[in-house]
Amino acid sequence: MAIALRQPESAGAACAVAREEAAPLVGGGTILYRLVNEGRLLPRSLVSLHRAGLGGIEISGGRARIGATTRIAELAAEPELGFLAPVVRLFGGPALRNMATVGGNLFARQPYGDLGLCFLALDARLHIVGEPGERELAIESFYADGIASGEVVAAVEFLLPDPGGWRFRKATRRTLNAAAVIGVAASLTQGGGRVSGARIALSGCGRTPVRSKAAEDVVRGSVLDETTARRAGEAAAGEAICFTDAIASAWYRRRVLPVHVRRALLGEDGR
Ligand SMILES: Cc1cc2nc3c(=O)[nH]c(=O)nc-3n(C[C@H](O)[C@H](O)[C@H](O)COP(=O)(O)OP(=O)(O)OC[C@H]3O[C@@H](n4cnc5c(N)ncnc54)[C@H](O)[C@@H]3O)c2cc1C
(Lines give C-alpha, C1' and ligand atoms only; values in the text may rest on other atoms or scores of the structure.)
Protein backbone atom coordinates (compact mmCIF):
# COMPACT_ATOMS: atom_id res chain seq x y z
CA MET A 1 0.00 0.00 0.00
CA ALA A 2 1.38 3.43 -0.96
CA ILE A 3 1.78 5.92 1.87
CA ALA A 4 1.13 9.58 1.03
CA LEU A 5 3.74 12.05 2.30
CA ARG A 6 2.25 15.40 3.31
CA GLN A 7 4.62 18.35 3.61
CA PRO A 8 2.71 21.25 5.14
CA GLU A 9 4.37 24.64 5.35
CA SER A 10 3.60 25.58 8.95
CA ALA A 11 3.27 23.86 12.30
CA GLY A 12 -0.43 24.77 12.43
CA ALA A 13 -1.04 23.19 9.04
CA ALA A 14 0.96 20.11 10.08
CA CYS A 15 -1.19 19.73 13.17
CA ALA A 16 -4.41 20.13 11.15
CA VAL A 17 -3.38 17.50 8.55
CA ALA A 18 -2.09 15.10 11.21
CA ARG A 19 -5.41 15.26 13.05
CA GLU A 20 -7.58 15.10 9.96
CA GLU A 21 -5.79 12.08 8.53
CA ALA A 22 -4.77 10.48 11.85
CA ALA A 23 -1.28 10.61 10.36
CA PRO A 24 1.98 10.43 12.33
CA LEU A 25 4.30 13.45 12.28
CA VAL A 26 7.83 12.86 11.00
CA GLY A 27 10.96 14.74 12.05
CA GLY A 28 14.04 12.92 10.79
CA GLY A 29 12.26 9.57 10.63
CA THR A 30 15.05 7.64 12.36
CA ILE A 31 12.51 6.04 14.70
CA LEU A 32 9.33 6.33 12.69
CA TYR A 33 10.48 5.01 9.32
CA ARG A 34 11.80 1.88 10.96
CA LEU A 35 8.37 1.18 12.45
CA VAL A 36 6.82 1.70 9.03
CA ASN A 37 9.44 -0.43 7.24
CA GLU A 38 8.92 -3.24 9.71
CA GLY A 39 5.15 -3.07 9.28
CA ARG A 40 4.58 -2.18 12.92
CA LEU A 41 2.93 1.07 11.87
CA LEU A 42 0.71 1.16 8.78
CA PRO A 43 -0.41 4.75 8.22
CA ARG A 44 -2.20 5.90 5.05
CA SER A 45 -0.19 9.12 5.18
CA LEU A 46 2.73 10.72 7.00
CA VAL A 47 3.17 14.39 7.85
CA SER A 48 6.72 15.58 7.35
CA LEU A 49 7.77 18.62 9.37
CA HIS A 50 10.65 19.47 6.99
CA ARG A 51 8.90 22.42 5.36
CA ALA A 52 7.03 23.63 8.44
CA GLY A 53 9.62 26.31 9.24
CA LEU A 54 10.68 24.74 12.54
CA GLY A 55 14.45 24.69 12.01
CA GLY A 56 17.12 26.96 13.41
CA ILE A 57 18.81 27.95 16.63
CA GLU A 58 18.46 31.38 18.26
CA ILE A 59 20.61 32.48 21.19
CA SER A 60 19.93 35.76 22.91
CA GLY A 61 20.18 37.11 26.46
CA GLY A 62 21.56 33.85 27.79
CA ARG A 63 18.57 31.95 26.44
CA ALA A 64 18.53 29.35 23.66
CA ARG A 65 15.60 28.48 21.43
CA ILE A 66 16.08 25.42 19.25
CA GLY A 67 13.57 24.68 16.50
CA ALA A 68 12.18 21.15 16.62
CA THR A 69 13.46 20.11 13.18
CA THR A 70 17.02 21.20 13.95
CA ARG A 71 19.29 18.23 13.26
CA ILE A 72 21.48 16.88 16.02
CA ALA A 73 24.58 17.65 13.89
CA GLU A 74 23.60 21.32 13.69
CA LEU A 75 23.93 21.69 17.47
CA ALA A 76 27.68 21.09 17.14
CA ALA A 77 28.03 24.13 14.86
CA GLU A 78 26.65 26.61 17.42
CA PRO A 79 29.47 27.85 19.70
CA GLU A 80 27.06 28.92 22.47
CA LEU A 81 25.86 25.32 22.66
CA GLY A 82 29.40 24.02 23.14
CA PHE A 83 28.34 22.44 26.43
CA LEU A 84 26.25 19.98 24.38
CA ALA A 85 29.29 18.86 22.34
CA PRO A 86 29.77 15.61 24.35
CA VAL A 87 26.07 14.81 23.88
CA VAL A 88 26.33 15.26 20.12
CA ARG A 89 29.61 13.35 19.88
CA LEU A 90 28.11 10.31 21.62
CA PHE A 91 24.83 10.48 19.71
CA GLY A 92 24.57 7.64 17.17
CA GLY A 93 26.84 7.93 14.12
CA PRO A 94 27.38 10.80 11.66
CA ALA A 95 24.58 9.74 9.27
CA LEU A 96 22.11 9.48 12.12
CA ARG A 97 23.10 12.88 13.52
CA ASN A 98 22.42 14.41 10.11
CA MET A 99 18.89 13.00 10.02
CA ALA A 100 17.66 12.87 13.61
CA THR A 101 15.91 15.97 14.94
CA VAL A 102 15.85 17.62 18.33
CA GLY A 103 12.03 17.41 18.47
CA GLY A 104 12.00 13.71 17.62
CA ASN A 105 14.44 13.01 20.43
CA LEU A 106 11.80 13.99 22.99
CA PHE A 107 9.75 11.01 21.83
CA ALA A 108 12.58 8.47 21.78
CA ARG A 109 12.03 5.53 24.09
CA GLN A 110 14.46 5.11 26.93
CA PRO A 111 17.37 4.58 27.14
CA TYR A 112 17.47 6.89 24.08
CA GLY A 113 16.49 10.51 24.52
CA ASP A 114 19.94 11.96 25.30
CA LEU A 115 18.84 15.50 24.51
CA GLY A 116 15.60 15.14 26.38
CA LEU A 117 17.70 14.15 29.39
CA CYS A 118 19.69 17.38 29.00
CA PHE A 119 16.56 19.47 28.50
CA LEU A 120 15.16 18.05 31.74
CA ALA A 121 18.30 19.11 33.61
CA LEU A 122 18.06 22.53 31.94
CA ASP A 123 14.42 22.97 32.99
CA ALA A 124 13.46 23.57 29.35
CA ARG A 125 10.10 24.75 28.13
CA LEU A 126 8.51 23.35 25.01
CA HIS A 127 6.52 25.39 22.50
CA ILE A 128 3.60 23.27 21.38
CA VAL A 129 1.33 24.00 18.44
CA GLY A 130 -2.06 22.33 18.70
CA GLU A 131 -5.68 22.75 17.71
CA PRO A 132 -6.46 25.77 19.93
CA GLY A 133 -3.14 27.47 19.06
CA GLU A 134 0.29 27.69 20.63
CA ARG A 135 1.12 26.95 24.27
CA GLU A 136 4.17 26.47 26.43
CA LEU A 137 4.77 23.35 28.44
CA ALA A 138 7.39 22.58 31.09
CA ILE A 139 9.47 19.59 30.07
CA GLU A 140 8.50 17.76 33.25
CA SER A 141 4.81 18.07 32.35
CA PHE A 142 5.61 16.84 28.86
CA TYR A 143 7.28 13.74 30.27
CA ALA A 144 4.53 13.20 32.84
CA ASP A 145 1.50 13.70 30.59
CA GLY A 146 2.69 13.78 26.97
CA ILE A 147 0.89 15.85 24.36
CA ALA A 148 -2.23 15.19 22.32
CA SER A 149 -2.02 13.23 19.11
CA GLY A 150 -1.33 15.61 16.21
CA GLU A 151 0.14 18.33 18.43
CA VAL A 152 3.50 19.56 17.18
CA VAL A 153 6.53 20.39 19.29
CA ALA A 154 7.69 23.56 17.55
CA ALA A 155 10.74 24.48 19.66
CA VAL A 156 12.61 23.91 22.91
CA GLU A 157 13.71 26.89 24.99
CA PHE A 158 16.04 27.07 28.01
CA LEU A 159 18.50 29.29 29.85
CA LEU A 160 22.10 28.45 29.07
CA PRO A 161 23.80 26.81 32.06
CA ASP A 162 26.18 28.80 34.21
CA PRO A 163 29.78 28.71 33.00
CA GLY A 164 31.32 25.62 34.58
CA GLY A 165 27.91 24.49 35.79
CA TRP A 166 27.11 21.84 33.21
CA ARG A 167 27.70 18.09 33.62
CA PHE A 168 26.97 15.22 31.22
CA ARG A 169 27.92 11.59 31.25
CA LYS A 170 26.71 8.70 29.14
CA ALA A 171 27.74 5.21 30.17
CA THR A 172 27.62 2.83 27.22
CA ARG A 173 28.62 -0.73 26.36
CA ARG A 174 30.87 0.44 23.53
CA THR A 175 32.56 3.75 22.81
CA LEU A 176 30.46 5.13 19.96
CA ASN A 177 27.00 4.73 18.46
CA ALA A 178 25.45 3.10 21.51
CA ALA A 179 22.44 3.64 23.73
CA ALA A 180 22.98 4.59 27.35
CA VAL A 181 23.29 2.10 30.15
CA ILE A 182 22.97 5.14 32.38
CA GLY A 183 22.88 8.81 31.39
CA VAL A 184 23.44 11.73 33.76
CA ALA A 185 22.93 15.42 33.01
CA ALA A 186 23.15 18.17 35.61
CA SER A 187 22.88 21.92 35.65
CA LEU A 188 24.48 23.45 38.74
CA THR A 189 24.77 27.00 40.03
CA GLN A 190 27.45 27.78 42.58
CA GLY A 191 28.17 30.70 44.86
CA GLY A 192 30.52 31.18 47.82
CA GLY A 193 32.10 27.79 47.13
CA ARG A 194 28.80 25.96 47.54
CA VAL A 195 26.14 24.66 45.19
CA SER A 196 23.14 26.96 45.35
CA GLY A 197 21.01 25.28 42.69
CA ALA A 198 21.00 21.81 41.15
CA ARG A 199 18.91 19.93 38.63
CA ILE A 200 20.10 16.38 38.09
CA ALA A 201 18.49 14.17 35.45
CA LEU A 202 19.02 10.46 34.79
CA SER A 203 18.31 8.09 31.94
CA GLY A 204 18.07 4.33 32.28
CA CYS A 205 15.85 4.80 35.32
CA GLY A 206 12.31 5.06 34.02
CA ARG A 207 9.93 5.28 31.08
CA THR A 208 11.29 8.80 30.42
CA PRO A 209 14.33 10.71 31.69
CA VAL A 210 13.75 11.44 35.39
CA ARG A 211 15.03 13.95 37.91
CA SER A 212 16.87 12.68 40.95
CA LYS A 213 15.53 14.96 43.65
CA ALA A 214 17.36 12.95 46.33
CA ALA A 215 20.69 13.64 44.63
CA GLU A 216 19.77 17.30 44.16
CA ASP A 217 18.98 17.59 47.89
CA VAL A 218 22.41 16.21 48.78
CA VAL A 219 24.24 18.56 46.46
CA ARG A 220 22.31 21.75 47.15
CA GLY A 221 24.01 23.82 49.86
CA SER A 222 27.13 21.62 49.86
CA VAL A 223 30.67 22.01 48.68
CA LEU A 224 30.91 19.92 45.52
CA ASP A 225 33.71 17.58 46.53
CA GLU A 226 34.33 13.83 46.38
CA THR A 227 32.24 13.16 49.53
CA THR A 228 29.24 15.14 48.30
CA ALA A 229 29.42 13.56 44.85
CA ARG A 230 29.60 10.09 46.37
CA ARG A 231 26.64 10.76 48.69
CA ALA A 232 24.63 12.17 45.77
CA GLY A 233 25.34 9.01 43.76
CA GLU A 234 24.15 6.82 46.63
CA ALA A 235 21.03 8.96 47.07
CA ALA A 236 20.26 8.71 43.35
CA ALA A 237 20.61 4.92 43.44
CA GLY A 238 18.38 4.79 46.52
CA GLU A 239 15.40 6.26 44.71
CA ALA A 240 16.03 5.12 41.11
CA ILE A 241 13.76 2.56 39.51
CA CYS A 242 16.03 1.16 36.82
CA PHE A 243 14.82 -1.14 34.05
CA THR A 244 16.06 -4.18 32.19
CA ASP A 245 16.47 -4.20 28.42
CA ALA A 246 18.82 -5.67 25.83
CA ILE A 247 21.57 -3.28 26.94
CA ALA A 248 21.66 -3.89 30.67
CA SER A 249 19.72 -5.42 33.54
CA ALA A 250 18.00 -3.27 36.14
CA TRP A 251 20.41 -4.76 38.70
CA TYR A 252 23.46 -3.67 36.69
CA ARG A 253 22.10 -0.20 36.03
CA ARG A 254 21.39 0.35 39.71
CA ARG A 255 24.81 -0.93 40.59
CA VAL A 256 26.72 1.46 38.28
CA LEU A 257 24.41 4.44 38.70
CA PRO A 258 26.17 5.89 41.80
CA VAL A 259 29.54 5.66 40.06
CA HIS A 260 28.33 7.63 37.06
CA VAL A 261 26.48 10.23 39.11
CA ARG A 262 29.62 10.77 41.18
CA ARG A 263 31.87 11.02 38.13
CA ALA A 264 29.46 13.33 36.33
CA LEU A 265 29.24 15.69 39.31
CA LEU A 266 33.01 15.76 39.63
CA GLY A 267 33.23 16.86 36.01
CA GLU A 268 34.42 13.64 34.42
CA ASP A 269 32.22 14.47 31.44
CA GLY A 270 31.41 12.44 28.36
CA ARG A 271 31.57 8.71 28.39
C1 LIG B 1 21.25 3.51 14.95
C2 LIG B 1 20.55 4.47 15.90
C3 LIG B 1 21.29 5.11 16.87
C4 LIG B 1 20.65 6.00 17.75
N5 LIG B 1 21.40 6.61 18.70
C6 LIG B 1 20.81 7.48 19.55
C7 LIG B 1 21.59 8.11 20.56
O8 LIG B 1 22.81 7.92 20.69
N9 LIG B 1 20.94 8.94 21.42
C10 LIG B 1 19.60 9.19 21.33
O11 LIG B 1 19.08 9.95 22.14
N12 LIG B 1 18.85 8.61 20.37
C13 LIG B 1 19.41 7.76 19.48
N14 LIG B 1 18.65 7.14 18.53
C15 LIG B 1 17.19 7.35 18.51
C16 LIG B 1 16.72 8.45 17.52
O17 LIG B 1 17.45 8.41 16.34
C18 LIG B 1 16.84 9.85 18.09
O19 LIG B 1 16.25 9.88 19.36
C20 LIG B 1 16.26 10.97 17.22
O21 LIG B 1 16.54 12.22 17.81
C22 LIG B 1 14.78 10.84 16.93
O23 LIG B 1 14.42 11.96 16.13
P24 LIG B 1 13.73 11.83 14.70
O25 LIG B 1 13.54 13.21 14.19
O26 LIG B 1 14.44 10.91 13.79
O27 LIG B 1 12.34 11.16 15.13
P28 LIG B 1 11.20 10.59 14.16
O29 LIG B 1 11.49 9.17 13.83
O30 LIG B 1 10.93 11.52 13.03
O31 LIG B 1 9.95 10.67 15.17
C32 LIG B 1 9.92 9.95 16.37
C33 LIG B 1 8.57 10.20 17.05
O34 LIG B 1 8.47 11.55 17.44
C35 LIG B 1 7.35 12.19 16.84
N36 LIG B 1 7.80 13.54 16.48
C37 LIG B 1 8.95 13.86 15.84
N38 LIG B 1 9.08 15.20 15.78
C39 LIG B 1 8.00 15.72 16.38
C40 LIG B 1 7.57 17.06 16.66
N41 LIG B 1 8.30 18.13 16.32
N42 LIG B 1 6.40 17.23 17.30
C43 LIG B 1 5.65 16.16 17.68
N44 LIG B 1 6.00 14.89 17.46
C45 LIG B 1 7.17 14.67 16.83
C46 LIG B 1 6.98 11.32 15.66
O47 LIG B 1 5.60 11.40 15.35
C48 LIG B 1 7.38 9.94 16.15
O49 LIG B 1 6.36 9.39 16.94
C50 LIG B 1 19.25 6.25 17.63
C51 LIG B 1 18.52 5.60 16.62
C52 LIG B 1 19.15 4.72 15.77
C53 LIG B 1 18.32 4.06 14.68
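One-based numbering along the sequence shown. Note that ligands are numbered from 1 as they come in the structure, with each ligand's atoms numbered from 1 the same way.
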Mind checking ring pair (Phe, Tyr, Trp, His ring centres under 6.0 Å) for Phe107 and listing every partner two or more places apart, or none if nothing turns up?
Phe142
With Phe243 via ring pair (Phe, Tyr, Trp, His ring centres under 6.0 Å) - residues at least two apart
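Ring pair (Phe, Tyr, Trp, His ring centres under 6.0 Å) check on Phe243 returns nothing, list empty.
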Which option wins on minimum heavy-atom distance to atom 53 (C) of ligand 1: Leu96, Thr172, Leu117?
Leu96
Of the listed options (Gly104, Gly116, Ala108, Pro209), which comes nearest to atom 23 (O) of ligand 1 when hydrogens are ignored and any heavy atom counts?
Gly104
Are any of the N or O atoms of [X] closer than 3.5 Å to those of ligand 1?
X: Tyr112; value: no
X: Ala100; value: no
X: Ile31; value: yes
X: Leu32; value: yes
X: Asn177; value: no
X: Gly113; value: yes
X: Leu25; value: yes
X: Gly27; value: yes
X: Val152; value: no
X: Thr101; value: yes

What part of [X] sits under 4.0 Å from ligand 1 if we count only heavy atoms: the side chain, the backbone, both or neither?
X: Leu49; value: side chain
X: Thr69; value: neither
X: Arg71; value: neither

Under a 4.0 Å threshold between the charged nitrogen and the carboxylate oxygen, would [Y] count as salt-bridged to [X]?
X: Glu21; Y: Arg44; value: no
X: Glu151; Y: Arg135; value: yes
X: Glu140; Y: Arg125; value: no

Closest contact, heavy atoms only, Ser45 versus Pro24:
O-CD, 3.4 Å
Pairwise distance CG(Leu160) to CG(Leu122) - rounded to 0.5 angstrom
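So the CG of Leu160 and the CG of Leu122 are separated by 8.5 Å.
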If you measure from CZ on Arg262 to CZ on Arg230, what distance do you get to the nearest 0.5 Å?
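One gets 4.5 Å once the value is rounded to the nearest 0.5 Å.
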By number and element, which atoms of ligand 1 are closer than 4.0 Å to a non-hydrogen atom of [X]?
X: Gly92; result: 5 (N), 7 (C), 8 (O)
X: Ala68; result: 41 (N)
X: Val26; result: 30 (O)

Close side-chain approach of [X] to [Y], heavy-atom, < 4.5 Å:
X: Cys205; Y: Arg253; result: no
X: Asn177; Y: Phe91; result: no
X: Leu137; Y: Asp145; result: no

Heavy atom of [X] under 4.0 Å from ligand 1?
X: Leu90; result: yes
X: Leu115; result: no
X: Glu151; result: yes

Taking the side chain from Arg167 and the backbone from Ala186, do they hold a donor-acceptor pair closer than 3.5 Å?
no
Can you check whether Asp245's main-chain N or O pairs, donor with acceptor, with Ser249's side chain at less than 3.5 Å?
no
His50 side chain to Gln7 side chain, donor-acceptor N/O pair below 3.5 angstrom
no
Which residue and non-hydrogen atom of the protein lie closest to atom 17 (O) of ligand 1, and at what distance in Å?
Thr30 OG1, 2.7 Å
So which heavy atom in the protein is nearest atom 45 (C) of ligand 1, and how far is it from that ligand atom?
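Protein heavy atom with the smallest distance to atom 45 (C) of ligand 1: Phe107 CE1, 3.4 Å.
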